[in-house]
Amino acid sequence: MTTTKSCMIKPAWTPVTIGLMVLGFVVFWPLGLAMLAYILWGDRFEGMARDAKDQWRSSPLKGAFDQMSNTAGYARTGNVAFDDYRERELKRLEEERAKLDTMRAEFDDFLRELRRARDQEEFDRFMANRGRTTGGNDSAGL
């Protein structure tokens with residue numbers, strides 16, 4: 001663990017960080033800018049990340065996202081008839097989507113087989129022409 005800590009790039013003005021910053025500016029200027037920001041404010045990033053996580057945990061949006069993820073992507077409205085209708089329609093649409101995906105896969109297989117047959121025909125024609133050409137040249141050369 002100590003070896004890893006000593007090899008890490010620290011947010012300070014060291015030859016390594018300066019070199020990385022210059023290299024970043026040469027390669028793609030936003031990388032150099034990011035390295036400069038890390039050198040100047042890198043020691044504060046850990047605290048900022050912790051504060052951001054704490055704010056997200058206490059945010060009302062997090063609760064809404066959690067609630068949506070617990071249900072099948074849609075929150076219940078409280079109207080049982082509407083919720084049942086919506087679930088039936090979503091299930092029907094999902095079945096239609098599965099049918100379309102199956103048809104698409106079958107069509108792709110058909111096209112693949114069609115291309116294979118065409119390629120085979122072209123190859124057979126090439127081999128037949130090659131055989132005629134090779135046979136004619138061999139008898140003329142002897």
Side-chain angles (χ1 to χ4, degrees), residues 1-46 48-57 59-142:
M1 187 80 144
T2 311
T3 311
T4 308
K5 287 278 188 188
S6 65
C7 295
M8 288 179 38
I9 299 172
K10 295 174 181 60
W13 291 101
T14 64
V16 173
T17 57
I18 294 170
L20 286 173
M21 180 184 64
V22 169
L23 183 65
F25 277 115
V26 169
V27 172
F28 184 58
W29 70 266
L31 292 176
L33 204 56
M35 192 64 201
L36 178 62
Y38 179 72
I39 291 170
L40 295 175
W41 300 296
D43 53 342
R44 300 180 196 155
F45 286 161
E46 187 176 327
M48 289 180 355
R50 189 176 46 252
D51 292 343
K53 286 179 186 175
D54 291 342
Q55 277 186 337
W56 174 250
R57 286 187 193 113
S59 171
L61 279 177
K62 181 185 184 304
F65 280 116
D66 289 343
Q67 182 183 8
M68 283 183 359
S69 66
N70 290 339
T71 60
Y74 298 97
R76 306 285 295 177
T77 63
N79 186 329
V80 178
F82 175 75
D83 290 340
D84 291 342
Y85 167 77
R86 181 176 57 191
E87 287 175 18
R88 280 193 315 269
E89 286 298 306
L90 289 173
K91 185 176 179 180
R92 182 185 64 79
L93 289 171
E94 187 60 38
E95 290 169 358
E96 285 292 318
R97 177 61 184 241
K99 286 180 192 176
L100 287 173
D101 288 342
T102 303
M103 288 172 53
R104 174 66 188 259
E106 290 172 358
F107 184 68
D108 288 343
D109 291 341
F110 172 76
L111 286 178
R112 194 174 305 113
E113 183 60 29
L114 203 61
R115 285 187 200 108
R116 191 202 61 75
R118 187 186 68 223
D119 290 347
Q120 185 66 46
E121 179 186 332
E122 289 174 357
F123 176 73
D124 291 343
R125 192 173 1 156
F126 167 75
M127 291 303 286
N129 289 339
R130 183 174 178 257
R132 277 186 277 160
T133 306
T134 305
N137 287 343
D138 288 342
S139 60
L142 292 175

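All values below were derived from every heavy atom in this structure, side-chain atoms included, with hydrogens, water molecules and symmetry-related copies excluded.
- Smallest separation of non-hydrogen atoms from I18 and I39: N-CD1, 4.4 Å.
- Looking at heavy atoms from C-beta onward, Y85 lies in side-chain contact with R88 at the 4.5 angstrom threshold.
- By the 6.0 Å contact criterion, CH2 on W41 is open, its count of non-hydrogen atoms from other residues, nucleotides or ligands being 12 or less.
- Note that the CZ atom of F107 and the CG atom of L114 stand 9.0 Å from one another [nearest 0.5 Å].
- Note: R118 CZ to L111 CG = 10.0 Å, rounded to the nearest 0.5 Å.
- Two residues are said to be in side-chain contact when any heavy atoms from C-beta on lie closer than 4.5 Å; L40 and W13 meet this criterion.
- Checked for salt-bridge contact, R92 and E89 meet the test: a charged N lies under 4.0 Å from a carboxylate O.
- Of the inter-residue distances, the one linking Y38 atom OH with M35 atom CE reads 6.5 Å to the nearest 0.5 angstrom.
- Distance CE/M21 to CG/L33: 10.0 Å, rounded to 0.5 Å.
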Checking side-chain contact (heavy atoms from CB on, under 4.5 Å) for the pair F110/E113: CA distance, chi angles, key distance, verdict? CA-CA 5 Å; F110 172 76; E113 183 60 29; 5.8 Å; no
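- A 4.5 Å side-chain heavy-atom check between E106 and T102 finds at least one atom pair inside the cut-off.
- The number of heavy-atom neighbours closer than 6.0 Å to CZ of R97, taken from other residues, nucleotides and ligands shown, is 12 or below.
- Using a 4.5 Å cut-off on side-chain heavy atoms (C-beta onward), E122 and D119 make contact.
- Between R86 and D83 there is a salt bridge, with a side-chain nitrogen of the basic residue lying less than 4.0 Å from a carboxylate oxygen of the acidic one.
- Between R112 and D108, no side-chain nitrogen of the basic residue sits less than 4.0 Å from a carboxylate oxygen of the acidic one, so the salt-bridge criterion is not met.
- The existence of a salt bridge linking D54 and R57 is confirmed by a sub-4.0 Å separation between a basic side-chain nitrogen and an acidic carboxylate oxygen.
- D124 and Q120 form a side-chain donor-acceptor contact under 3.5 Å, judged by distance and modelled atom types alone.
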